[in-house]
Amino acid sequence: MWPTRTGGARARAAVVVCRWPEMEVLEERVAEEPVRFPYVPGLLSFREAPAALAALSKLSHPIDCLLVDGQGRAHPRRFGLACHLGLWTGQPTIGCAKSRLYGRVSSPGPEKGSREPLVDANGEVLGSAVTTRDRCKPLYVSVGHRVSLEEAVEIVLACCRRTKHPEPLRLADRLSKA
DNA sequence: GCGACAG
DNA sequence: ATCTTGTCGC
């Protein structure tokens, strides 16, 4: 799982600053790293964090909270990418993943706002499966750093006005691929 | 041994 | 993640 130094491989990350809840974009930053670690389930932070931190360091505008495309506490070791970025930057962070990595959960209702707890084998709550748009598959929200799960879910829902994915993540995803 | 497995 | 085909909604 160590560095795949395939010539010229670049890790690319993007971050956007939005005004909440209007989602007015205030700033956009992208950053690249010369080598990237391979993707290994459970170790995504090693692949994504360096570039993400580099992009964050280029911001000149203050932020209130980071919405991260990945898990927070909903991780085998309770420490996904959102937790790493939160601890590293000191900023409040929220993990918001498109699919499940760890934990059991039943399907939430089909109406936006429905949610079901994501739990581990002992019943400990790791996060929530949240329906962010009517009839769409849920997103997996979990605590990253300095936010409660309830706050995290409300913020994610508020960021999904007419789409399944939170506006900040859609913008950052688009920017990283441009 | 077999299935699961963020992006 | 990436690629491809087909369907649905604004």
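Chain identifiers are assigned alphabetically (A, B, ...) following the order of the sequence lines, protein sequences preceding nucleic acid strands; residue numbering begins at 1 within each chain. Note: hydrogens, waters and symmetry copies are ignored here, and every other heavy atom, side chains too, is used.
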For DNA chain C, the dot-bracket pattern of Watson-Crick and G-U pairs whose distances stay under 3.5 Å, | for other-strand partners: ..........
Nucleotide N/O to protein N/O under 3.5 Å, stretch nucleotides 1-4 of chain C:
| from | atom 1 | to | atom 2 | distance (Å) |
| --- | --- | --- | --- | --- |
| C/dA1 | OP2 | A/K98 | NZ | 3.4 |

When the side chains of residues 82-92 of chain A are checked against the rest of the protein, which donor-acceptor pairs come out under 3.5 Å, sequence neighbours left out?
| from | atom 1 | to | atom 2 | distance (Å) |
| --- | --- | --- | --- | --- |
| A/T89 | OG1 | A/L85 | O | 2.7 |
| A/T89 | OG1 | A/Q91 | N | 3.2 |

Any pair counted as salt bridge (charged side-chain N to carboxylate O under 4.0 Å, His left out), so long as it reaches residues 169-178 of chain A, sequence neighbours left out: A/E167-A/R170, A/D173-A/K177
For DNA chain B, the residues among residues 80-94 of chain A that have a non-hydrogen atom under 4.0 Å from it: A/G80, A/L81
Verify same cluster id: A/V68, A/L59 (apolar side-chain graph, 4.5 Å): yes
A/V143 with A/V141, same ILVMFWY side-chain cluster at under 4.5 Å: yes
Of all pairs that satisfy side chain to side chain donor-acceptor pair (under 3.5 Å), the ones with a partner from residues 56-76 of chain A, not counting sequence neighbours: A/E27-A/S60, A/D69-A/K98, A/R73-A/E124
Helical stems, DNA chain B - three or more consecutive Watson-Crick or G-U wobble pairs below 3.5 Å: none
Taking every non-hydrogen atom, the tightest pair across A/V156 and A/C96: CG1-SG, 4.1 Å
Between protein and nucleic acid, restricted to nucleotides 6-10 of chain C and to nitrogen or oxygen atoms under 3.5 Å apart, what atom pairs and distances do you find?
| from | atom 1 | to | atom 2 | distance (Å) |
| --- | --- | --- | --- | --- |
| C/dC10 | O3' | A/R162 | NH2 | 3.4 |

Salt bridge (charged side-chain N to carboxylate O under 4.0 Å, His left out) contacts in which one or both residues fall within residues 102-117 of chain A, not counting sequence neighbours: A/R115-A/E154
Where A/L139 and A/P166 come nearest, the two heavy atoms and their spacing: CD1-CD, 3.8 Å
Qualifying side chain to side chain donor-acceptor pair (under 3.5 Å) pairs, either residue in residues 125-148 of chain A, two or more places apart: A/S148-A/E151
Sugar-phosphate, base or nothing in reach of A/G95, heavy atoms under 4.0 Å: nothing
Non-neighbouring partners of A/E32 that pass salt bridge (charged side-chain N to carboxylate O under 4.0 Å, His left out), sequence neighbours left out: A/R10, A/R12
Just distance, no hydrogens or angles: give the donor-acceptor pairs under 3.5 Å from side chains in residues 38-56 of chain A, sequence neighbours left out.
| from | atom 1 | to | atom 2 | distance (Å) |
| --- | --- | --- | --- | --- |
| A/S45 | OG | A/L81 | N | 3.3 |
| A/E48 | OE2 | A/R36 | NH2 | 3.2 |

Any A/S99 side-chain nitrogen or oxygen under 4.0 Å from OP1 or OP2 of B/dG7: yes
